[in-house]
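Below you'll find the structure, written out as structure tokens, and then a few comments.
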Amino acid sequence: AAAAAAAAGHVLISPVRVVRRFADLTPAEVADLWGLAQLVGKTLEPHFGAQSLTLAIQDGPAAGQTVPHVHVHVLPRKPGDFKNNDEVYDEIDKSEAHLPKLSDKLDLDKERVVRTR
């Protein structure tokens, strides 16, 4: 089943290289990740008639990260789209509720190609 979006236009952006934590990204990967988030946000806002964006990373389990792969949530926002503005974070959590089950099935080490000798 597809994930439920936290808001209309909710997009996840992740780097090509799978890393668990934001600090594990190279400076070039950080620049690419945020540059793409900016481009996606500029595209989503007018398309969905939004006036603002929520950009969010939950970096590590204590921060609420449930998927072991760095990703940025980009959500177009409108006034009053949530009764209490911070409810958006609860909706982000709900939208990822099924993902830990999927990630448990992934064996990333099995897919990895040894590149050093």
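Starting from 1, each residue takes its place in the sequence as its number.
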Give a yes or no on whether Leu53 and Val11 share a hydrophobic cluster (residues Ile, Leu, Val, Met, Phe, Trp, Tyr; joining criterion: side-chain heavy atoms under 4.5 Å apart).
yes

Atom of Ala50, atom of Pro76 and distance for their closest heavy-atom approach
CB-CB, 3.6 Å

Could you tell me whether a side-chain N or O of Gln58 sits under 3.5 Å from a main-chain N or O of Gln65, the two making a donor and an acceptor?
no

Under a single-linkage definition using a 4.5 Å side-chain heavy-atom cutoff for Ile, Leu, Val, Met, Phe, Trp and Tyr, are Ile57 and Val67 assigned to the same hydrophobic cluster?
no

Are Val72 and Val40 grouped together when hydrophobic residues (ILVMFWY) are joined by side-chain heavy atoms under 4.5 angstrom apart?
yes

How long is the gap from CZ on Arg17 to NE2 on His69, to the nearest 0.5 Å?
10.0 Å

May I have the step-by-step check of side chain to side chain contact (heavy atoms under 4.5 Å, CB included) for Val74 and Ile13, ending in yes or no?
CA-CA 8 Å; Val74 181; Ile13 299 172; 3.7 Å; yes

Using a 4.5 Å cut-off on heavy atoms from C-beta on, say whether the side chain of Val70 contacts that of Asp24.
no

d(Leu25 CG, Arg20 CZ) to nearest 0.5 Å is 13.5 Å

In terms of hydrophobic clusters joined by side-chain contacts under 4.5 Å, are Leu33 and Leu55 together?
yes

Take the angle between the ring planes of Phe22 and Trp34 and call it parallel below 30°, perpendicular above 60°, tilted in between.
perpendicular

Rounded to the nearest 0.5 Å, how far does NE2 of His71 lie from OG of Ser14?
8.0 Å

Could you state the interatomic distance from CD (Gln51) to CG (Asp81), rounded to the nearest 0.5 Å?
10.0 Å

Leu44, Leu12: one ILVMFWY side-chain cluster at the under-4.5 Å cut-off?
no

